[in-house]
There are 2 protein chains.
Amino acid sequence: MSNWKKRLSAEGFRITASRRAVMDVLLATSVPLSPREILEQGRRVHRKLGLVTVYRTLALLEHLRCVRRVHREDGCRGYLPCSPGHSHALICRQCGRAAEFQGFADLQALIARVEEATGYQVDDHLLQLSGLCLDCQS
Amino acid sequence: MSNWKKRLSAEGFRITASRRAVMDVLLATSVPLSPREILEQGRRVHRKLGLVTVYRTLALLEHLRCVRRVHREDGCRGYLPCSPGHSHALICRQCGRAAEFQGFADLQALIARVEEATGYQVDDHLLQLSGLCLDCQS
DNA sequence: CCCTTAATGAAAAGTTTTTTCAACTACAGT
DNA sequence: ACTGTAGTTGAAAAAACTTTTCATTAAGGG
Ligand SMILES: [Mn+2]
Ligand SMILES: [Mn+2]
Ligand SMILES: [Zn+2]
Ligand SMILES: [Zn+2]
């Protein structure tokens, strides 16, 4: 049983055909998918999947930190699977392929300086990189 | 004549009452405003301002880098005025007050390492911090 | 196998954003 | 100033997106 399903069960959520369909789609993608795209792909394995359930499942998976939402110029609802622990997304602006990376110490240093300069107490951040993946560079 | 208006003229765009209204609202805010909020405030000075024009003016100002879009859990269409040059937004999660900060060298270092690790050629980034402003810490 | 109750999906409602198009007006040229 | 033209506007309609409702289904513990 996949990690995600374990997490759902552990938190008292039921494993349903609809949720499995959504999870299967997300686990298989390397490109951010919109709710509508997830619906379309999900229906290939679970015919009666509904869009409402896609939204609900995405909210749930996001809450459990199984997926992350990607923000782009042309839409802020691209969903990607994400590894456990803190990481950020790097998206190819050509083909959409996503990679993950860690925030290392640089960010902590930057944040410390920003706190110093502004007086704000920083407790969250949104960091996303974009560029060209190896394939799209040629 | 304000900086923004100069920039509009310079690029061949006309200075209209509607655009002035939207710009006035944006120049005066320290909190990200949604198109609808901009419409409401803008109508206080230009009665017949329409929502469509708010959207169009925002797209224009964003293109000219006079305003930036802020992404949040509860909506990715908050608009803020932004200073010339490269900077990022820092938002108070309590009262919404925004501050700007520069990306310094830390980010370059981080990006270099990410390029090294992933093979991607990074050419853009989205960075936003959030936390509590000085007032909201007490 | 029941039973309880979480979960689902169709439809409706509510929102947000874009497209259309006739009317308007900023402003360059006279 | 006056005029012509092309950029701009706003109402309305269309399209797209997201949430709510509610009767029905089915997961999974007992
Ligand atoms: Mn981070
Ligand atoms: Mn930057
Ligand atoms: Zn690529
Ligand atoms: Zn505050």
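Numbered from 1 within each chain, the chains take letters A, B, ... in sequence-line order.
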(request) Consider the side chain of B:R56, meaning its heavy atoms from C-beta on, and name the nucleotide among D:dT9, C:dG9, C:dA10 that approaches it most closely. (result) D:dT9
(request) Any chance you could measure B:S83, atom OG, to B:R65, atom CZ, to the nearest 0.5 Å? (result) 13.5 Å
(request) Would you mind reading off the distance between B:R36 atom CZ and C:dG14 atom C1', rounded to a whole angstrom? (result) 11 Å
(request) Could you check which of D:dT18, C:dA11, C:dT16 has an atom nearest any side-chain atom of A:V52? (result) C:dA11
(request) May I have the distance from B:Y55 (atom OH) to D:dA12 (atom C1'), rounded to whole angstrom? (result) 16 Å
(request) Check the distance between C:dT18's P and B:L39's CG and give it to me in whole angstrom. (result) 15 Å
(message) With side chain to side chain donor-acceptor pair (under 3.5 Å) as the test, pick out the partner of A:R68 among A:H88, A:E62, A:E100.
(response) A:E100
(request) Verify, without hydrogens or angle tests, whether B:E37 (side chain) and B:S34 (backbone) share a donor-acceptor contact under 3.5 angstrom. (result) yes
(message) Using the side-chain heavy atoms of B:L49, tell me which of these nucleotides is nearest: D:dG10, C:dG9, C:dA10.
(response) D:dG10
(request) Could you state the atom-to-atom distance from CD1 of A:I38 to C1' of D:dT18 in whole Å? (result) 14 Å
(request) Side-chain contact test, heavy atoms from C-beta onward, threshold under 4.5 Å: evaluate it for A:L127 versus A:L129 and give yes or no. (result) yes
(request) Answer yes or no: does a side-chain N or O of B:T16 lie under 4.0 Å from OP1 or OP2 of D:dG7? (result) no
(request) Report the residue (B:P35 or B:R20) whose heavy-atom-nearest nucleotide on DNA chain C is the more 5′ of the two. (result) B:P35
(request) Among the candidates D:dG10, C:dA7, D:dT19, find the nucleotide nearest to the side-chain atoms of B:S18. (result) D:dG10
(request) Can you establish whether the number of heavy atoms outside A:R36 located under 6.0 Å from its atom CZ is more than 12? (result) no
(request) Among D:dT21, C:dT25, C:dT18, find the nucleotide with the atom closest to the side chain of B:R14. (result) C:dT25
(request) With the side chain of B:K48 defined as its heavy atoms from C-beta on, choose the nearest nucleotide among D:dT9, C:dT25, C:dG9. (result) C:dT25
(request) Answer yes or no: does a side-chain N or O of B:R77 lie under 4.0 Å from OP1 or OP2 of C:dT17? (result) yes
(request) Specify the separation, in whole Å, of atom CZ of A:R47 and atom P of C:dA10. (result) 12 Å
(message) Measure CG/A:L8 against C1'/D:dA27 and give the value in whole Å, please.
(response) 13 Å
(request) Take the protein atom CD1 of A:I15 and the nucleotide atom C1' of D:dA26, then report the distance between them rounded to whole Å. (result) 14 Å
(request) Measure from the side chain of A:T53, starting at C-beta and using heavy atoms only, and say which of C:dG9, C:dT18, D:dG10 lies closest. (result) C:dG9
(message) Using heavy-atom distances to pick each residue's nearest nucleotide on DNA chain C, tell me which of B:L51 and A:R19 is more 5'.
(response) A:R19
(request) State which of C:dG9, C:dA26, D:dG10 makes the closest approach to the side chain of B:H46. (result) D:dG10
(message) Measure OH/A:Y79 against P/D:dC17 and give the value in whole Å, please.
(response) 13 Å
